S.K.: 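Before I ask anything, let me first share the structure, which is written out below as structure tokens.
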Amino acid sequence: MAVLVFAVSSYSKIIPRVYEKRARLLNESKGVTVLEQENFSRRYYAYRLLSSCSLIWTCLVIMFGVNSGLHKFLPPGHRFRNESFALCADTAFDVVAKGLYLGVIVELHKMVFDSYAREQRQFHELRNLMKVLWDSTTDVILVSVRGKDKTSSVFSPSFQTLLGMDPSKTDCSVTKPGVLLHTKCSIDGEQRVIDARFIDSHHISPTENMPERISPIGYGTLQVKVARELIQSCWNHMDELPSRGCDDVTKNALLVVHEFDKENGERCSCELKLSRRPDSFVAIVRDVTERTKRFEAEQRATAEALARQKDAQGVNRFTRHEIKNGLLAGIELCERLNRSFQSASNRVDQRVSATMDKDEYKTIESDMTKTAGMIGQVDHVLHEVLETVLAEAMARDVIYEIYQPLPKKVDIVEVLKSSGRGTGTEHRFPLVLPSKNIPKLILDTQLLLYIHRNAISNAVKYGRAGGMVSTTVRYNEHSELLKIDVSNEPGPGHEKLLNQGKVACAAVFLQSTR
């Protein structure tokens with residue numbers, strides 16, 4: 001009796017532990033990854049073993065109590081008081097208990113400790129991860145394996161997107177098909193296509209043949225053409241590594257650049273990064289067209305900036321202070337020479353007119369007048385050269401968008417008359433003012449003169465030789481808009497242009513066209 005009490009008191013501690021493990025297990029999730037599922041399985045089978053132990057020990061206590069009661073209350077010689085009955089019962093229960101333990105232990109081994117089963121579960125998880133990566137990645141995954149008689153290569157579904165094609169519109173029962181290509185290397189080293197198919201790469205199996213998931217592709221299609229070029233380029237680079245001194249082809253990743261034409265005719269530049277083995281490689285194909293375009297644009301911008309800098313340096317050399325100062329000094333000398341010549345001619349005129357006859361006096365007067373005119377022409381040329389230098393420098397600043405306007409209040413009419421092109425002062429360049437009261441406006445004088453000078457130059461160049469070129473200035477007081485029109489007389493061939501018809505005339509005489 002003491003033994004029974006001790007056994008029950010020792011065993012009873014296991015029951016609260018079973019309920020604690022059960023409550024903890026119900027509050028936990030099975031997990032998503034293989035590692036989380038293995039940790040859950042460990043806790044689950046620990047609970048199973050503990051509950052099995054409590055069940056077996058409960059049955060043992062009950063059987064011990066029943067056996068004690070039978071020996072105490074049944075008379076000797078009763079069939080249930082037989083010694084062999086207790087032995088058979090204990091033996092049978094021991095076998096059942098070991099069977100229960102063995103079932104739990106074997107299941108625990110398969111789910112937790114079996115290395116092959118763990119590898120299969122990890123491989124299945126990796127396969128599911130690769131399915132998502134295979135379908136959703138924007139880069140193309142290329143796997144190529146070289147065998148004895150052929151090379152097998154598989155492209156992920158994004159390969160058709162790289163070509164500018166819609167994978168859902170292909171003649172295939174799969175929504176996102178991959179491309180399987182079998183090639184054979186010819187004598188000249190070129191990869192020749194021997195088989196091309198659309199495949200559902202999720203269901204590739206070495207032991208199963210599923211023709212409903214595979215459909216052939218024509219050898220002349222864009223997919224086969226570009227796929228063969230990519231495979232050819234990758235294997236060529238791998239075959240050339242030993243000749244470059246790279247005996248270990250698995251040491252570093254290899255970068256290959258290839259270009260091809262998409263379905264819409266656009267040029268695509270792609271970058272292939274190879275993770276290679278002696279007879280196989282895995283490549284990530286990435287479209288770098290935009291990056292290439294940005295790089296080319298940056299190169300063009302850099303070249304334009306350098307050209308602009310050189311041009312600015314040339315302009316600075318041309319318009320540096322020495323040249324401008326020389327022109328200004330020449331203009332100042334012309335003004336002084338003109339004043340000195342005028343004063344000297346007046347004194348000579350007073351002295352010579354009294355002692356010289358009229359014919360000789362007229363000759364000297366004519367020579368002096370010509371000399372004064374030549375001095376004026378030199379002054380005019382120097383002013384024009386200075387204006388040309390400043391205008392060219394300003395034009396380059398305007399073209400390169402670095403010109404800083406200097407606005408001030410000016411009289412438009414006076415500015416146009418002082419342009420040096422004869423506007424408003426010569427009969428050939430009249431200045432028409434429909435608006436009589438034109439107020440002074442805040443403008444950049446140099447920029448206005450440059451624009452007007454360019455318009456006058458074009459009008460003279462493309463108009464009738466020696467024809468009139470008029471400048472019309474209009475100002476709208478309500479909208480506060482200033483409009484300057486420069487018009488010329490029709491140039492040679494104008495009548496022929498008019499005879500070409502209304503459509504041709506509309507195209508030729510369209511504003512801002514030549």
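The shown structure was predicted, so the numbers you read here are calculated from the model rather than taken from an experiment.
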S.K.: Measuring from His182:NE2 to Ser152:OG, what's the distance to the nearest 0.5 Å?
M.R.: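 So the NE2 of His182 and the OG of Ser152 are separated by 4.5 Å.
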S.K.: Could you check whether Arg286 pairs with Asp139 (Lys NZ or Arg NE/NH1/NH2 to Asp/Glu carboxylate O, under 4.0 Å)?
M.R.: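 Looking at Arg286 and Asp139, the cut-off is met.
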S.K.: If we ignore hydrogens and angles and just use 3.5 Å, is the side chain of Ser457 paired with the main-chain N or O of Arg453 as donor and acceptor?
M.R.: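 Judged by distance alone, no pair lies under 3.5 Å.
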S.K.: Minimum heavy-atom separation for Gly467 and Glu489, please, with both atom names.
M.R.: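 Scanning both residues completely, I find the closest heavy atoms to be CA-OE1, 3.7 Å.
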S.K.: Under 3.5 Å, is there a donor-acceptor pair between the Ser158 and Thr138 side chains?
M.R.: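 No, Thr138 and Ser158 have no side-chain donor paired with an acceptor closer than 3.5 Å.
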S.K.: Are there over 12 heavy-atom neighbours, none belonging to Glu477, within less than 6.0 Å of that residue's CD?
M.R.: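 Counting neighbours around CD of Glu477, 12 or fewer heavy atoms of other residues, nucleotides or ligands fall under 6.0 Å, so no.
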S.K.: Does a side-chain N-to-carboxylate-O contact under 4.0 Å join Asp485 and Arg474?
M.R.: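 Yes, Asp485 and Arg474 are salt-bridged.
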S.K.: I need the minimum non-hydrogen distance between Glu263 and Gly164, along with the two atoms involved.
M.R.: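 Heavy atoms only, the tightest pair is OE1-O, 3.4 Å.
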S.K.: Should Lys408 and Thr445 count as side-chain neighbours, where that means a heavy-atom distance under 4.5 Å?
M.R.: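 Side chain of Lys408 against side chain of Thr445, heavy atoms only: contact under 4.5 Å found.
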S.K.: When you compare the side chain of Ile194 with that of Thr183, does any pair of heavy atoms fall below 4.5 Å?
M.R.: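 No; the side chains remain at least 4.5 Å from each other.
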S.K.: How many angstroms lie between atom CD of Glu296 and atom CD of Glu298, to the nearest 0.5 angstrom?
M.R.: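 The CD atom of Glu298 is 10.5 Å from CD of Glu296, to the nearest 0.5 Å.
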S.K.: Looking only at heavy atoms, what is the nearest atom pair of Asn488 and Tyr462, with distance?
M.R.: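 Nearest pair, atom of Asn488 first, then Tyr462: ND2-C, 3.9 Å.
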S.K.: Side chains of Leu255 and Leu272: closer than 4.5 Å at any heavy-atom pair?
M.R.: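 Contact flag for Leu255/Leu272 side chains = no.
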S.K.: Looking at every non-hydrogen atom in both residues, tell me the closest pair between Asn264 and Glu266 and how far apart they are.
M.R.: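 Heavy atoms of Asn264 and Glu266 come nearest at OD1-N, 3.1 Å.
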S.K.: Please round to the nearest 0.5 Å and tell me the distance separating atom OG1 of Thr472 and atom CD1 of Ile484.
M.R.: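 Result: 10.0 Å between the selected atoms.
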S.K.: Are a donor atom and an acceptor atom from the side chains of Gln232 and Asn236 found within less than 3.5 Å of each other?
M.R.: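 Their side chains do contain a donor-acceptor pair, which is all the 3.5 Å distance test asks for.
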S.K.: So, taking the atom named CZ in Phe159 and the one named CG in Leu230, what distance separates them when rounded to the nearest 0.5 Å?
M.R.: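 Going from CZ on Phe159 over to CG on Leu230, the span is 5.5 Å.
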S.K.: Would you check, one step at a time, whether the test side chain to side chain contact (heavy atoms under 4.5 Å, CB included) holds for Leu416 with Leu431?
M.R.: CA-CA 9 Å; Leu416 294 179; Leu431 181 61; 4.1 Å; yes
S.K.: Roughly how far, to the nearest 0.5 Å, is CG of Leu180 from CZ of Arg197?
M.R.: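 That separation rounds to 8.0 Å.
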S.K.: Check whether any side-chain heavy atom of Phe281 sits under 4.5 Å from a side-chain heavy atom of His237, and report yes or no.
M.R.: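 When only atoms from C-beta onward are counted, His237 and Phe281 do not touch, as no gap falls below 4.5 Å.
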S.K.: Please test Val473 against Val432 for side chain to side chain contact (heavy atoms under 4.5 Å, CB included), starting from the C-alpha separation and ending with a verdict.
M.R.: CA-CA 6 Å; Val473 182; Val432 183; over 6 Å; no
S.K.: Any salt bridge between Asp287 and Lys262, counting N to O under 4.0 Å?
M.R.: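 Judged by the 4.0 Å cut-off on N to carboxylate O distance, Asp287 and Lys262 do form a salt bridge.
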S.K.: Please lay out, stage by stage, how Ile141 and Thr137 fare under the test side chain to side chain contact (heavy atoms under 4.5 Å, CB included).
M.R.: CA-CA 8 Å; Ile141 302 176; Thr137 179; 4.1 Å; yes
S.K.: State, yes or no, whether a side-chain contact exists between Ile284 and Val140 at a heavy-atom distance under 4.5 Å.
M.R.: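 A side-chain contact under 4.5 Å is absent here.
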S.K.: Minimum heavy-atom separation for Thr151 and Arg146, please, with both atom names.
M.R.: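 Of all heavy-atom pairs spanning Thr151 and Arg146, the closest is OG1-CG, 3.8 Å.
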S.K.: Please confirm whether the backbone N or O of Ser269 pairs with a side-chain atom of Thr289, one donor and one acceptor, at under 3.5 Å?
M.R.: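 It does hold such a pair.
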S.K.: Cys270 versus Val285: any side-chain heavy-atom pair under 4.5 Å?
M.R.: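 Touching, per the 4.5 Å side-chain cut-off.
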S.K.: Rounded to the nearest 0.5 Å, how far apart are CZ of Phe260 and CZ of Arg267?
M.R.: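 The CZ atom of Phe260 sits 9.0 Å away from the CZ atom of Arg267.
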S.K.: Using the rule given for side chain to side chain contact (heavy atoms under 4.5 Å, CB included), can you reason through Thr471 versus Phe429, listing the C-alpha separation, both sets of side-chain angles and the distance that settles it, and then say yes or no?
M.R.: CA-CA 7 Å; Thr471 302; Phe429 301 98; over 6 Å; no
S.K.: At their closest point, which heavy atom of Arg228 faces which heavy atom of Leu181, and how far apart are they?
M.R.: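 It is N-CD2, 3.9 Å.
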S.K.: Quick check: do Tyr475 and Leu433 have side-chain heavy atoms less than 4.5 Å from each other?
M.R.: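 No, too far: nothing below the 4.5 Å cut-off.
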S.K.: For Thr292 and Val288, indicate whether the former's side chain and the latter's backbone hold a donor-acceptor pair under 3.5 Å.
M.R.: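 Yes, because the side chain of Thr292 sits within donor-acceptor range (under 3.5 Å) of the backbone of Val288.
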S.K.: Hey, are the side chains of Cys234 and Leu274 touching, using non-hydrogen atoms and a 4.5 Å cut-off?
M.R.: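 Cys234 vs Leu274: side chains touch.
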